[in-house]
Amino acid sequence: NVRVAAYFINLVLIAAFLGMGVGLILQSRRIDLRFLFTPALLILALACWYFSNTLIKPSRDSSEQLFAIYYDMSPAARNWGMVPVVSLLFTLATFVFIPLGLAMGREFEKFPPLIAYCINTFGSLLGLIAFALLSHYSTPPLVWFISGLLVYLALSSEKRDRIVSFLCFPLIMAFVFLVYHPGSEIWSPYYKINLTNGKGSTIVNVNGSLHQVMIDFSEKDVVKNPIHKLVQEDYLRPYKLVKKLDDVLIVGSGTGNDVVMALKQNARHIDAVEIDPQILDIGRRLNPQKPYDDPQVSVHIDDARAFLKKHD
């Protein structure tokens with residue numbers, strides 16, 4: 001939930017490779033730091049919890065601009081610079097992966113190189129499948145952390161590793177509960193979604209940042225709300241460029257604003273493509289105009305690029 005890290009997501013991947021690489025080198029030199037895994041994870045959780053209530057700003061002379069990073073923060077927010085926060089999280093994430101690299105190196109030594117590599121690749125594929133399944137079924141953080149603990153315990157051959165894990169795991173779970181609010185959050189395959197109700201609108205926040213606003217475009221609301229009237233005029237601009245609407249394709253249809261507009265223009269058929277099933281479900285349930293229930297609308301849960309490749 002440290003929003004600034006989302007803009008530098010590749011740093012997490014680099015930290016994983018760096019940490020695993022350092023772990024493999026240490027294993028080859030018989031330096032065992034595997035006992036650091038759970039304490040390192042605990043320190044990382046503490047840092048993330050602290051920075052989730054922190055306002056992170058680029059320096060005044062910076063050429064970087066981050067969308068939606070300056071508002072919607074806790075009253076207890078503290079100011080930090082972007083570089084120190086990203087650097088600290090990168091370092092902590094690297095330390096988490098060093099013990100995993102050590103453990104992997106230890107396992108590699110048990111097999112001939114080619115067989116070890118095949119086993120490693122097969123394990124990576126299993127990890128991808130597990131990740132995809134947990135994401136597909138929109139599982140909450142609790143499931144992820146418990147799954148991770150069970151896998152780690154299954155792979156811990158030494159009593160010391162298990163004792164350290166059992167001691168630190170309740171503390172990690174305590175911090176999960178601090179930031180996890182069942183019922184107030186929707187977990188999709190892509191996002192943590194929070195909904196906020198406004199006057200004639202529903203604000204959809206994902207991963208702590210504004211994503212989209214679902215607006216009531218009924219005649220009564222548009223007449224009463226001048227802002228919604230201006231927004232509707234913007235939505236209608238593209239339709240001034242076409243003579244007739246026999247077949248309309250909307251990619252990234254979200255909670256249904258564009259679908260409402262196309263229906264208002266008497267489109268004969270609409271293909272609405274949205275990648276996130278939970279955001280689509282929010283539109284089905286909460287959009288006042290119920291655009292996805294209209295028989296003229298065909299809904300496709302798919303990536304826009306994939307949809308364009310599959311259809312003429």
Side-chain angles (χ1 to χ4, degrees), residues 3 6-7 9 67-68 72 132 135-139 184-223 225 227-312:
R3 287 190 285 175
Y7 295 89
I9 195 67
F67 173 71
D72 191 29
S135 296
H136 177 73
Y137 289 105
S138 302
T139 52
S184 66
E185 297 169 343
I186 301 169
W187 294 87
S188 82
Y190 305 95
Y191 306 117
K192 179 192 77 173
I193 304 171
N194 297 95
L195 303 178
T196 306
N197 292 322
K199 292 182 179 180
S201 64
T202 300
I203 298 169
V204 181
N205 287 300
V206 303
N207 300 337
S209 294
L210 175 66
H211 190 262
Q212 55 187 272
V213 181
M214 181 170 54
I215 298 175
D216 182 357
F217 282 118
S218 62
E219 293 298 328
K220 180 182 176 182
D221 182 79
V222 170
V223 170
N225 194 320
I227 296 175
H228 289 182
K229 185 177 181 180
L230 287 171
V231 173
Q232 178 173 273
E233 289 174 2
D234 283 337
Y235 267 106
L236 291 174
R237 288 184 198 281
Y239 296 105
K240 295 177 182 179
L241 304 176
V242 292
K243 294 180 180 179
K244 59 179 181 177
L245 296 173
D246 291 333
D247 199 13
V248 177
L249 170 64
I250 299 171
V251 292
S253 59
T255 49
N257 287 345
D258 288 284
V259 183
V260 171
M261 288 299 118
L263 289 169
K264 277 177 174 279
Q265 298 304 298
N266 300 315
R268 293 176 60 187
H269 179 259
I270 301 167
D271 285 296
V273 182
E274 170 56 42
I275 194 172
D276 193 313
Q278 292 293 347
I279 287 180
L280 186 70
D281 181 64
I282 291 167
R284 284 187 193 276
R285 293 186 292 107
L286 302 180
N287 193 306
Q289 274 76 59
K290 301 293 181 185
Y292 289 121
D293 293 344
D294 194 291
Q296 293 164 274
V297 178
S298 299
V299 177
H300 310 271
I301 300 174
D302 201 355
D303 174 73
R305 290 163 297 185
F307 180 86
L308 291 171
K309 286 180 180 179
K310 290 184 284 189
H311 298 82
D312 57 27

Backbone of Phe307 reached by a side-chain donor or acceptor of His311 within 3.5 Å:
yes
Please check if the side chain of Gln289 supplies one atom and the backbone of Pro291 the other of a donor-acceptor pair under 3.5 Å.
no
Indicate the atoms forming the closest heavy-atom contact of Ala262 with Ile270, along with that distance.
CB-CD1, 3.5 Å
Non-hydrogen side-chain atoms of Ile250 and Val273 separated by less than 4.5 Å:
no
With a 4.5 Å cut-off on side-chain heavy atoms, are Val297 and Val299 touching?
yes
Are any side-chain N or O atoms of Asn205 and backbone N or O atoms of Leu210, one a donor and one an acceptor, separated by less than 3.5 Å?
yes
Tyr292 and Ser253 side chains, donor-acceptor separation under 3.5 Å:
yes
Is Asp281 salt-bridged to Arg284, cutoff N-O under 4.0 Å?
no
Just wondering, do Tyr235 and Val260 contact through their side chains at under 4.5 Å, heavy atoms?
no
CG of Asp216 to OG of Ser201, rounded to nearest 0.5 Å, is 9.0 Å
When rounded to the nearest 0.5 angstrom, what distance separates CG in Leu245 from NE2 in His269?
13.5 Å
List the steps, then state whether side chain to side chain donor-acceptor pair (under 3.5 Å) holds for His300 with Asp271.
CA-CA 7 Å; His300 310 271; Asp271 285 296; 2.8 Å; yes
Count the heavy atoms of every other residue, nucleotide or ligand shown that sit under 6.0 Å from CD1 of Ile227, and state whether that count exceeds 12.
no
Between Gln296 and Ala267, is there a donor-acceptor pair closer than 3.5 Å when you use the side chain of the first and the backbone of the second?
yes
Does any N or O in the side chain of Gln212 come within less than 3.5 Å of the main-chain N or O of Ile203, such that one atom is a donor and the other an acceptor?
no
Dump the intermediate steps for side chain to side chain contact (heavy atoms under 4.5 Å, CB included) on Tyr190 and Asn207, then the final yes or no.
CA-CA 9 Å; Tyr190 305 95; Asn207 300 337; over 6 Å; no
If we only count heavy atoms from C-beta on, is the Pro189 to Ser138 side-chain gap below 4.5 Å?
yes
Kindly indicate whether the side chain of Asp258, heavy atoms from C-beta on, has any atom under 4.5 Å from the side chain of Met261.
no
Looking at Thr255, is its backbone amide N or carbonyl O close enough to the side chain of Asn287 to form a donor-acceptor pair, meaning the two atoms are under 3.5 Å apart?
yes
Just wondering, are more than 12 heavy atoms of other shown residues or ligands nearer than 6.0 Å to NZ in Lys290?
yes
Working to the nearest 0.5 Å, report the span between CD of Gln265 and NZ of Lys240.
10.0 Å
Closer than 3.5 angstrom, by distance alone: can the side chain of Asn194 be matched with the main-chain N or O of Val204 as a donor-acceptor pair?
no
Met214 CE to Asn257 CG distance, which is reported to the nearest 0.5 Å:
8.0 Å
Only residue of Asp303, Ile301, Val251, Leu280 satisfying side chain to side chain contact (heavy atoms under 4.5 Å, CB included) with Ile275 is Asp303
Can you measure from CG (Asn225) to NZ (Lys229) and round to the nearest 0.5 angstrom?
11.5 Å
Between Tyr191 and Asp276, do the side chains contain an N or O donor and an N or O acceptor separated by less than 3.5 Å?
no
CZ of Arg268 to CG of Asp246, rounded to nearest 0.5 Å, is 5.0 Å
With distance as the sole test, does Lys264 use its side chain to make a donor-acceptor pair with the main-chain N or O of Val259 at under 3.5 Å?
no
